[in-house]
Amino acid sequence: MDPIETLERSLDTAGDVLAAIPADKLDAPTACPAYDVRALTQHLVVSLAYFATSATGEESAVEMGDDPKAAFDEAAAKLTGAWKQPGMLDKTFTLPFGDFPGSAIVAMGAMEALTHAWDLARATGQSTAFPEDLSGEVLAIAQGMLQPHFRGEGPDASFGPEREAPADAHAADRLAAFMGRDPQG
C-alpha cells in the first residue's frame, strides 16, 4: 500500500471513531493510562499537527475548542497536505529522536492515528474491527519501526510491553497488543 494511502485510510478510520464518540464518554478512561477520551483526542490532534510541522517547518498548532472532530479533521488535512508535496517522502527530516525519511514519518502518523483510533473505540464501546488490510499494514509498519527502548511500564512510557493477542484476533487487535494494549481487556 502507498504510504500516503495508508496514512489517509488510518486518518479516515480515526475520524469515523471520533465522529461516533458520545459527549458523555469524553471522561472515560482509555488503554493509555495517562489519558481519558478527551485528553487522548487532544494528544492525537497535537501529534498529527507535530507530524505536519515536521514536514513544513512551520508551526501547525490546532486548537481543540468544543469540537474535537473538527480539530482532528483540521490536523489531518494539514498532515496529508504537507506530505503529499512532491519529493517529501524521500527527503530526510530530523526529529528529536533521530533522522528519518519522510516515508517513515508518514508511517509514524498512520501508526499514531490507527492505534489511538483503537484506544478511543475501545474506550467508547465502538467496534475495533477496522479494515483488516489496513490494520495488517500498520501492524507490519509498527513491527518494523518500534524499537525496544521505547517500551516500558507506567504512564511515562511511550509504549507498553508487547501483549499477547489471541491467535484468531483481528489485525487491529494484534496491532493494539503489539503497541502494549490488552486486546481482551
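Values reported hereafter were calculated over all heavy atoms of this structure, with side chains retained and with hydrogens, waters and symmetry mates removed. Since we're looking at a predicted model, the values are computed, not measured.
A distance of 7.5 Å separates CD in E8 from CG in L11, rounded to the nearest 0.5 Å. A distance of 11.0 Å separates CG in L139 from CG in D173, rounded to the nearest 0.5 Å. Going from atom CG of L95 over to atom CE of M108 covers 5.5 Å, rounded to the nearest 0.5 Å. Taking NE2 of H116 as the reference point, atom CG of L44 lies at 6.5 Å (rounded to 0.5 Å). Atoms CD1 and NZ, on I105 and K91 in that order, are 11.5 Å from each other to the nearest 0.5 Å. Distance check: E5 CD to E137 CD gives 9.0 Å after rounding to the nearest 0.5 Å.
Nearest heavy-atom pair, G15 versus K69, reported as atom, atom and distance to 0.1 Å: O-CE, 3.0 Å. Closest approach of S10 and V138 over heavy atoms only: OG-CG2, 3.7 Å. Heavy-atom minimum distance, A169 versus R174: O-NH1, 2.6 Å. Closest heavy-atom contact between M1 and D133: CE-OD2, 3.9 Å. The two residues M111 and A142 come nearest to each other via the heavy atoms SD-CA, 3.5 Å. Between A177 and A165, the closest heavy-atom pair is CB-CB, 3.8 Å.
Annotation: side chain of H170 is in contact with side chain of S135 (closest heavy-atom distance under 4.5 Å). In this structure, F130 and V17 have side chains that are in contact, with non-hydrogen atoms separated by less than 4.5 Å. No side-chain heavy atom of P101 sits less than 4.5 Å from a side-chain heavy atom of L89. Side-chain atoms of P131 and T13, non-hydrogen and from C-beta on, do get closer than 4.5 Å to each other. At least one side-chain heavy atom of Q184 sits under 4.5 Å from a side-chain heavy atom of P166. For the pair V37 and L120, the minimum side-chain heavy-atom distance is below 4.5 Å. Residues T41 and F72 fail the side-chain proximity criterion, which asks for heavy atoms closer than 4.5 Å.
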Start with the C-alpha gap between V45 and E74, add the side-chain angles, then the distance that decides, and say whether side chain to side chain contact (heavy atoms under 4.5 Å, CB included) holds.
-> CA-CA 9 Å; V45 168; E74 181 183 345; over 6 Å; no

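Under 3.5 Å, the side chains of D99 and T92 contain no donor-acceptor pair of N or O atoms.
Applying the side chain to side chain contact (heavy atoms under 4.5 Å, CB included) test to A31 and every residue at least two apart in sequence or in another chain returns W118, D119, R181. Here A39 pairs with Y35, D36 under the side chain to side chain contact (heavy atoms under 4.5 Å, CB included) rule; sequence neighbours left out.
Looking only at distances, no side-chain donor or acceptor of E162 sits under 3.5 Å from a matching main-chain atom of F178. Within the 3.5 Å criterion, the main-chain N or O of P183 finds a donor-acceptor partner in the side chain of R122. Put simply, the side chain of Q85 gets close to the backbone of G81: a donor and an acceptor are under 3.5 Å apart.
Both L134 and L146 sit in one connected hydrophobic cluster of ILVMFWY residues. Membership requires side-chain heavy atoms under 4.5 Å apart, directly or through other members. Under the 4.5 Å side-chain heavy-atom criterion for grouping Ile, Leu, Val, Met, Phe, Trp and Tyr, V106 is connected to F100 within one hydrophobic cluster. The hydrophobic clustering, which links ILVMFWY residues whose side-chain heavy atoms are closer than 4.5 Å, places L7 and V46 apart.
The neighbour count for E164 CD, taken as heavy atoms of other residues, nucleotides or ligands under 6.0 Å away, does not exceed 12.
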